[in-house]
Amino acid sequence: MHLPASIRRFAVLAALLPSLAGAAGNATKPAAAEKPSALEVLRRIDERLSFQSDYKGTVRLRELRKDGTEQLMEVQVYRRDKSRDLLIYITKPRHLAGGGYLRIGRNLWEYESGTGQWQRTTQRGNIVNTVSCEEDFDRSRLVENYDAKDEGDEVVNGVSFRKLHLTAKQGVDVTFAQLRLWVDPDFNIVKRIGYAPSGRPLRTDLIRSYQPIQDPVAGKKVYPYKEVLEVEEVAGSQYTVRYDNVELAPLSPNIFTKTWLEGRVR
Amino acid sequence: MTLLSFALQSVLARPRSWVVALLAAGSAALLTVGAALVEGVSEGTRRSLIESGTGHFQLYNSSSAGQPVVVMDSGGALELQPLPDFPAIEARLKALEGVREVVPMEVGFTWVVRGNYLDEKLATVRRVAREPASEARDARLARLGEDLERTLREVARDDARRAEAFAFLDAEEAREDRSAMEAVGTPEFWERFRANPLDTLEYLENRVARQVGEGQTIDIEYLGSDLEQFARAFPRFELVTGSIPPPGQRGLLLGHGLYEQGFKLPVAALLDQLHRERERGATFATDESLTTLAERCRVELPDLLSRLDVERSQALAGTLAKLLGHPGELEPLLREFLTLDDANFDARYEQFQRELAPHLPLYRVRPGDTLVLRGTTSGLGVGAVPVKVWGTFRFKGLGGDSSRVNMLGLMDLVTARFLVGRRTQAELEEVRRDVEALGMGGGLVPLDMALQPAAVLEEAAPPAPAGAASEAPVFEKEQSWPERFTPEELRGGSVLQAAVVLAPDAEPQAVAARIDAVAKEAHLPLATVDWEQAGGMLAGTVGMARVVLLAFSGLLALFVVLVSASTLLVLARERVGEVGTLRAVGMQRREAFAVLLLEGLLLGTLGAGLGAGLGVVLLELLAGNGISIQDESIQFFMGGTVLMPRLSLTAVVAVVLGVLTVVVTASLAPAWRGSAVSPITAMRKRED
């Protein structure tokens, strides 16, 4: 479902003003007052982003390369976090439509709809050849996966952003060995840089907006991403990623099967 | 003239000075032969490259950041801009004198992923299970089910090896795997398979198949081109099996070396390798690597057995029983057959090819099968591209199946563009429209913009859907990757580089100048690189050979200088009295210096001339009809199976002058020292 652009802009503004006011209010508080620890900040972020219901949404990715060429991909994402099942079903561009990516238990499969071939893969980054990694479509697991170090506050236009440096825990398999986060006073990540183990930046994300939604199973409001700008450091390509039509509701277990995805192509 | 006469008499009177001439002769002979061989290698590599894909030139857009290569040195993508309006450029260039073909092409890397043998077996069953229900399908499915059950029994039996291979799993994962394996051993499971094959397949694919190990990744370096034109333009091209894709049809030809090494049944490929090693003289008794290869053949047995259906298994067991002289189960028979040593290998290899191979699925891909190629560049719209394999090819005379050029893949340009995600203009316009409609347009965003709090959009949550699955769109299969293309799509789409092939009598430099003139006249951004640049690291071998020859020449020169100078110094010291007498009767010092230097010049000229002549004679006698090259690994650089040394007059003159210069340089110090003696000192020394 799409709102007209003018209404969307109004909604952004309406949401932004109280948020800014709240943030400014926080910024003026004495720094010493109840400043949560780095770990506590991660816990709050995980809590805001995670839900217990099944998830369905449309993700649209627009790639803009340095030379001005652009591409658009549209995928439908189905998630069941309690069993870590994930299905990504490509609906655009036309030549990839019907293909997808399926994670069941310890298996990752890629499906090529033209030939009906399934390929077992170990690739957890560049999912369906996007700049996205598995974690982008997964429950936020910052506390489980990373150790955090506080790097103080960065105050911009009167708003204080908490800066954290995260290092992957021993034995944990993640796309980025290190992360640097900038977190606004409402525990929303606003900027994130992912690094290689050597410390070389790989990807910079600006999280432009979140869309609160009621999680019927947990009975609380959660704050998944709405729009993120992802910048690949090597090529300099920018990806605008928009999460639309998010629904938190039970999904049929049949969705997370090869047979379901195969049934999308006649 | 008098001085020359003095010098000549002196040389003739002192046989010890002939050492210098001998040294010069030896050096000149060696360098003459060396130069001829290096030039032969250079010419051989040039011909190999020109006749197998680079053409005489590679044409590209001069505004590109990079230059085209045909043999890639690394996986890095080439930074080439498309040639503007390739069909028009092609027409202009073909009208030039000396140009025979302009072949559009591009190069790249791709890879295919093959699942393990169980993945492949399950994929076959899945394909049949998804066919519309019919008696024939049910019968086929029943047969495949029995075969699958038998294979899984074998897998379950191999429990110890599996446990060792998956020792990294945690206890819970290992327990899951064990219970899954136990479940498929029950009759109930196979009852369920017969009742609902797709559900049970899902279980096998996700819970069991990964337990037999990883699949295989095969890297393919490819050339995209107009395949019909490619085969015509490059005389080394030879089709080995299958056919060239018909015009307008997407397709892939595999280099025969790649086919043999990447797609052959592992046991058969290992036996071939053992055969090659033994042909080179290695034996099981002296070379442990042969024993290791034979052991690997036996390790691959489960893979081989899993690929056999009941009929093939029975036929193979029967043949083996006949060959080994006793009956038995297939697995122990094969194990016995593959227990190899020097005494039995030749016979077993021959029996394998003649008796066993007809019962084996010898290749994992056959002409007519489809491979899914993976795009290696990241970017939206780049995907896995299915393409039909039409056959295998070889560049003849360039090293057989072990040659780098016979490990290439050749595909049509349209598939190559799909692989790197370069879309047509119509597709780009469609993207633009979609982006606009979604309100996702806009330029690149500067990353150093100030931080700002994230917006929280308080939109109402949509109502929960009634049946999520039914909302997912359904696509037609044909929409994915079109199998056919028009000539306009092939040549009118973006072309990054093109091989320019010249007529046999054309002069490359003159044609290059004509191409430059056309580019200037029509204001076209055209540039060319020659075969040496386009040949990448293969052409680099020529440069390396030249550097080695140069380094050898340098060392030789140093040796000649040292030995000649010391010999001449000793002779000069012995001639102090003679020189003093000449000085006493009126010879000036510079005249004495000139006589001694002339001696060096005479020795050098004589030696270098004779040496160069000797080199020419040796080349004519020993390599007049070329040098036969048996080692396939170097045939590419020799231009085929025969290396033809090439000796130009320029090279001979350069060798003679070079050696002469070295000898004269070596004579300078002795001549100076010898001429420096005063007449009185010399006379006194003579009296002593």
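As the structure is a computational prediction, the values presented were derived from the model and not from experiment. Below, all heavy atoms of this structure are taken into account, side chains as well, without hydrogens, waters or symmetry copies. Below, chains carry the letters A, B, ... as their sequence lines are ordered, and counting in each starts from 1.
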J.: Report the residues that fulfil ring-ring contact (aromatic ring centres under 6.0 Å, His included) with B:Phe485, sequence neighbours left out, ordered by chain and then residue number.
T.: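 None.
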J.: Can you confirm whether B:Asp369 is buried at CG, in the sense that more than 12 heavy atoms of other residues, nucleotides or ligands lie under 6.0 Å from that atom?
T.: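 Enclosed.
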J.: Are any non-hydrogen side-chain atoms of A:Glu262 and B:Arg126 less than 4.5 angstrom apart?
T.: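 Yes - at least one pair of side-chain heavy atoms lies under 4.5 Å apart.
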J.: So for A:Thr91, is it side chain, backbone, both, or neither that comes closer than 4.5 Å to the heavy atoms of chain B?
T.: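 Answer is both: backbone and side chain atoms of A:Thr91 are under 4.5 Å from chain B.
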J.: State the CZ-OG1 distance between B:Arg130 and A:Thr259, to the nearest 0.5 angstrom.
T.: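 So the gap between those two atoms works out to 6.5 Å.
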J.: How about B:Val445 and A:Arg208: do any of their side-chain heavy atoms sit closer than 4.5 Å?
T.: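 Contact flag for B:Val445/A:Arg208 side chains = yes.
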J.: Out of curiosity, A:Glu70 CD to B:Arg432 CZ, how far, rounded to the nearest 0.5 Å?
T.: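 Going from the CD atom of A:Glu70 to the CZ atom of B:Arg432 covers 3.5 Å.
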J.: Flag the pair B:Asp177 / A:Arg106 as yes when at least one side-chain heavy-atom distance between them is below 4.5 Å, and no otherwise.
T.: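 They are in side-chain contact.
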J.: Looking at chain B, which one of A:Leu64, A:Leu229, A:Val156, A:Asp54 has the largest number of heavy-atom pairs inside 4.5 Å, strictly under?
T.: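 Of A:Leu64, A:Leu229, A:Val156, A:Asp54, A:Leu64 has the most heavy-atom pairs under 4.5 Å with chain B.
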J.: Looking only at heavy atoms, which two atoms of A:Thr240 and B:Met440 are closest? And how far apart?
T.: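 Residues A:Thr240 and B:Met440, closest heavy atoms: O-CE, 3.5 Å.
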J.: Starting from the C-alpha separation in whole Å, work towards a yes-or-no answer on side chain to side chain contact (heavy atoms under 4.5 Å, CB included) for A:Gln71 and B:Glu427.
T.: CA-CA 9 Å; A:Gln71 297 283 351; B:Glu427 285 167 320; over 6 Å; no
J.: Out of curiosity, A:Asp184 CG to B:Leu451 CG, how far, rounded to the nearest 0.5 Å?
T.: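 These two atoms lie 10.0 Å from each other.
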J.: Of the backbone (N, CA, C, O) and the side chain (C-beta and beyond), which part of A:Lys191 lies under 4.5 Å from a heavy atom of chain B, both, or neither?
T.: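 For A:Lys191, side-chain heavy atoms alone lie under 4.5 Å from chain B.
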J.: Could you go step by step and tell me if A:Glu112 and B:Arg374 meet the salt bridge (charged side-chain N to carboxylate O under 4.0 Å, His left out) rule?
T.: CA-CA 11 Å; A:Glu112 201 291 303; B:Arg374 323 281 302 186; over 6 Å; no
J.: With a 4.5 angstrom heavy-atom cut-off, which part of B:Arg127 approaches chain A: side chain, backbone, both or neither?
T.: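 Nothing of B:Arg127, per the 4.5 Å heavy-atom cut-off to chain A.
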J.: Are side-chain heavy atoms of B:Val456 and A:Tyr223 found at a separation under 4.5 Å?
T.: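 Counting from C-beta outward, B:Val456 and A:Tyr223 do come under 4.5 Å.
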J.: Quick one: pull up CG in A:Asn254 and CD in B:Glu202 and give me the separation to the nearest 0.5 Å.
T.: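 Reported to 0.5 Å precision, the distance equals 9.5 Å.
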J.: By a 4.5 Å heavy-atom criterion (distance strictly below it), what part of B:Ala129 contacts chain A: side chain, backbone, both, or neither?
T.: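 For B:Ala129, no heavy atom lies under 4.5 Å from chain A.
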J.: Tell me, do B:Glu430 and A:Leu72 make a side-chain contact under 4.5 Å, heavy atoms counted?
T.: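 No. Closest side-chain heavy atoms not under 4.5 Å.
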J.: Can you tell me which portion of B:Glu205 sits under 4.5 Å from chain A's heavy atoms? Options are side chain, backbone, both or neither.
T.: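 Contact with chain A: backbone and side chain both.
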J.: For each of B:Gly115, B:Ala123, B:Ala209, tally heavy-atom pairs with chain A at distances under 4.5 Å, and name the one with the top tally.
T.: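 The residue among B:Gly115, B:Ala123, B:Ala209 with the greatest pair count is B:Ala209.
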J.: Determine the option with the most heavy-atom pairs under 4.5 angstrom with chain B, choosing from A:Glu154, A:Glu227, A:Lys92.
T.: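 Ranked by contacts with chain B, first place is A:Lys92.
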J.: What part of A:Gln119 gets closer than 4.5 Å to chain B, counting heavy atoms only: side chain, backbone, both or neither?
T.: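 For A:Gln119, side-chain heavy atoms alone lie under 4.5 Å from chain B.
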J.: Any side-chain donor paired with an acceptor under 3.5 Å for A:Trp109 and B:Asn206?
T.: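 Judged by distance alone, the side chains do pair up.
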J.: At their closest point, which heavy atom of A:Gly236 faces which heavy atom of B:Leu444, and how far apart are they?
T.: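 Closest approach of A:Gly236 to B:Leu444, heavy atoms only: O-CD2, 4.4 Å.
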J.: Is any side-chain heavy atom of B:Gln452 closer than 4.5 Å to one of A:Val159?
T.: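 Not touching, per the 4.5 Å side-chain cut-off.
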J.: More than 12 heavy atoms of other residues, nucleotides or ligands under 6.0 Å from NZ of A:Lys221: is that the case?
T.: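 No, because the 6.0 Å sphere around NZ of A:Lys221 holds 12 heavy atoms or fewer from other groups.
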J.: About how many Å separate CD of A:Gln117 and OG1 of B:Thr370, when rounded to the nearest 0.5 Å?
T.: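 Output value for this atom pair is 7.5 Å.
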J.: Looking at chain A, which one of B:Val435, B:Leu198, B:Leu201 has the largest number of heavy-atom pairs inside 4.5 Å, strictly under?
T.: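 If we count pairs closer than 4.5 Å to chain A, B:Val435 comes out on top.
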J.: Using 0.5 Å steps for rounding, measure from the CZ atom of B:Arg210 to the CG atom of A:Leu108.
T.: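 So the CZ of B:Arg210 and the CG of A:Leu108 are separated by 10.5 Å.
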J.: Do you know the tightest heavy-atom contact between A:Arg242 and B:Gly439?
T.: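 A:Arg242 and B:Gly439 have their closest heavy atoms at NH1-O, 4.2 Å.
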J.: Which pair of heavy atoms, one from A:Ile207 and one from B:Ala454, lies closest together, and at what distance?
T.: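 Answer, listing the atom of A:Ile207 first, then B:Ala454: O-CB, 3.8 Å.
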